[in-house]
Amino acid sequence: MDDKQPMIRGRVLIVTAVEAERDAVLRGLGGDGRFHAVAAGAGPAAAAAGTALALAAGGRAAGIGIEAGADATIAAGTAVAAGTAEDAGGRPAEEGPLGSAEFSGLEAAGLASSAVPDAGSDAGYALVISAGIAGGFPGRAAVGSLVVAGEIIAADLGAESQDGFLSVDELGFGSSRIGVDARLAGALAAGIAAAGLPVSTGPVLTVTTATGTAATAAEHERRVPGAAAEAMEGFGVATAAKQFGLPALELRAISNAVGPRDRAAWRIGEALQALERASQILKEVL
């Protein structure tokens with residue numbers, strides 16, 4: 001019997017954009033009752049709203065932090081995606097395998113789930129994870145590989161000026177950067193590598209318009225040196241988690257290269273398989 005102690009105490013909420021991503025995560029988790037997965041919709045606004053709704057309905061474990069040697073039990077949730085989503089390359093979900101469905105608040109909050117926490121488990125959430133497919137920056141994250149965020153950055157949150165882009169940080173209106181729990185992120189990346197899967201760590205960008213040109217890709221890399229991947233939800237998920245006083249992680253499987261839009265080169269199925277495998281490792285690490 002494995003006597004390894006879990007790294008967290010409390011429930012873990014995993015937030016994806018669309019159903020196909022959520023389903024891949026749930027397959028990997030294999031019914032593990034410590035995790036609750038929801039599909040909140042594409043983009044940072046839908047992600048933030050869906051995450052906050054799930055956290056508010058599910059409760060937060062007050063005073064419970066990230067600790068080794070603690071119990072964790074969660075309900076595995078079922079939810080549907082919000083509206084019409086786009087994947088990491090900008091493809092409308094109804095055109096491909098990611099799927100699209102009408103968002104249900106009750107389902108997003110997990111209230112419609114058939115699974116419930118064990119009677120003796122901590123009721124509140126202790127960790128939030130943004131998970132799904134993404135674009136990878138060439139030379140940093142290849143198609144089919146995995147990325148564990150070292151930082152979550154809203155790459156296009158700011159203003160244009162005659163001298164170029166000004167981040168919201170430079171404008172003095174807040175921050176476009178949210179840190180992750182370094183210990184958990186490192187443990188997850190190490191677990192993925194130990195399983196023989198290609199993985200990298202680095203900043204994961206959140207954008208509201210998926211990159212489709214070499215010029216935009218180069219500009220993002222200039223603004224955020226070492227950027228590993230680009231998606232559309234991480235900053236929204238992490239912002240909601242922060243409002244509830246919870247740490248966040250971001251886990252991405254790479255379906256396409258960030259740069260000129262080339263739908264023929266997308267490998268969504270391969271990325272979803274990688275996400276499923278990473279979710280198997282996730283439950284082993286946490």
Side-chain angles (χ1 to χ4, degrees), residues 8 12-17 21 25 37-52 54-55 66 87-88 125-137 140-141 145-158 165 167-170 173-189 192 199-211 217 219-255 258 275 278-279 282 285-286:
I8 63 167
V12 180
L13 175 65
I14 301 178
V15 182
T16 71
E21 294 168 321
V25 168
V38 300
T51 302
L55 289 174
I66 305 298
D87 64 34
Y125 290 110
L127 174 67
V128 181
I129 302 174
S130 175
I133 67 174
F137 284 91
R140 294 284 300 172
S145 71
L146 294 154
V147 172
V148 178
E151 189 176 18
I152 300 169
I153 301 174
D156 54 7
L157 182 59
F165 177 79
S167 71
V168 71
D169 309 69
E170 295 171 295
F173 296 148
S175 179
S176 60
R177 297 171 178 262
I178 297 179
V180 301
D181 185 287
R183 186 173 67 89
L184 290 179
L188 178 56
I192 292 172
V199 61
S200 58
T201 59
V204 174
L205 309 186
T206 299
V207 296
T208 53
T209 300
T211 297
E219 176 63 12
H220 283 319
E221 291 185 283
R222 184 192 68 79
R223 294 179 197 169
V224 186
E230 170 192 286
M232 302 180 76
E233 294 79 33
F235 190 79
V237 172
T239 296
K242 187 176 180 179
Q243 292 296 317
F244 281 78
L246 298 175
L249 298 179
E250 185 165 5
L251 171 64
R252 292 289 171 177
I254 304 304
S255 61
V258 176
L275 182 62
S279 298
L282 182 65
V285 170
L286 298 183

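Position 1 is the first residue of the sequence; numbering continues from there. Please read all numbers here as calculations on a predicted model, not as lab measurements.
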Smallest separation among heavy atoms of Pro203 and Gly226, with atom names: CD-O, 3.4 Å

For Ala52, the side chain to side chain contact (heavy atoms under 4.5 Å, CB included) test, sequence neighbours excluded, returns Ala240, Phe244

So does Ala217 get a backbone contact from the side chain of Arg222, meaning a donor-acceptor N/O pair under 3.5 Å? no

Sequence-distant partners of Thr16, side-chain hydrogen bond (donor to acceptor under 3.5 Å, both in side chains), two or more places apart: none

What's the spacing between Phe235 CZ and Ser130 OG if we round to 0.5 Å? 12.0 Å

Residues 241-251 vs side chain to side chain donor-acceptor pair (under 3.5 Å), sequence neighbours excluded, gives Glu250-Arg252

Any heavy-atom pair between the side chains of Pro247 and Leu127 that's under 4.5 Å? yes

Measuring from atom CD of Glu219 to atom CZ of Phe165, what distance do you get when rounded to the nearest 0.5 angstrom? 8.5 Å

With rounding to the nearest 0.5 angstrom, report the CD1 to OG1 distance, Ile178 to Thr239. 3.5 Å

Please report, to 0.1 Å, the donor-acceptor pairs under 3.5 Å made by any side chain of residues 146-156, with sequence neighbours excluded.
| from | atom 1 | to | atom 2 | distance (Å) |
| --- | --- | --- | --- | --- |
| Glu151 | OE1 | Arg177 | NH1 | 3.1 |
| Asp156 | OD2 | Thr208 | N | 3.0 |
| Asp156 | OD2 | Thr208 | OG1 | 3.0 |

Rounding to 0.5 Å, atoms CE (Met232) and CD1 (Ile133) come to a distance of 11.5 Å

The test is side-chain contact (heavy atoms from CB on, under 4.5 Å); show your working for Ser175 and Asp169 and say whether it passes. CA-CA 5 Å; Ser175 179; Asp169 309 69; 3.0 Å; yes

Sorted by chain and number, sequence neighbours left out, side-chain hydrogen bond (donor to acceptor under 3.5 Å, both in side chains) with Ser145 holds for none

How long is the gap from CG on Leu286 to CD1 on Ile129, to the nearest 0.5 Å? 5.5 Å

Heavy-atom closest contact (Ala141 atom, Ala228 atom, distance): CB-O, 3.5 Å

So Ile14 and Leu282, do their side chains get closer than 4.5 Å, heavy atoms only? yes

Residues in side chain to side chain contact (heavy atoms under 4.5 Å, CB included) contact with Ala187, at least two apart in sequence or another chain: Met7, Val285

If every non-hydrogen atom of Ala189 is compared with every non-hydrogen atom of Thr201, which pair is closest and at what distance? CB-CG2, 3.7 Å

For the backbone of Leu157 and the side chain of Ser176, can you confirm whether one donor and one acceptor N or O come within less than 3.5 Å of each other? no

With a 4.5 Å cut-off on side-chain heavy atoms, are Leu205 and His220 touching? yes

Going by heavy atoms in the side chains, are Leu251 and Val25 under 4.5 Å from each other? no

Without swapping roles, check the side chain of Glu233 against the backbone of Gly43 for a donor-acceptor pair under 3.5 Å. yes

Heavy-atom pair of closest approach, residues Leu275 and Gly132: CD2-CA, 3.9 Å

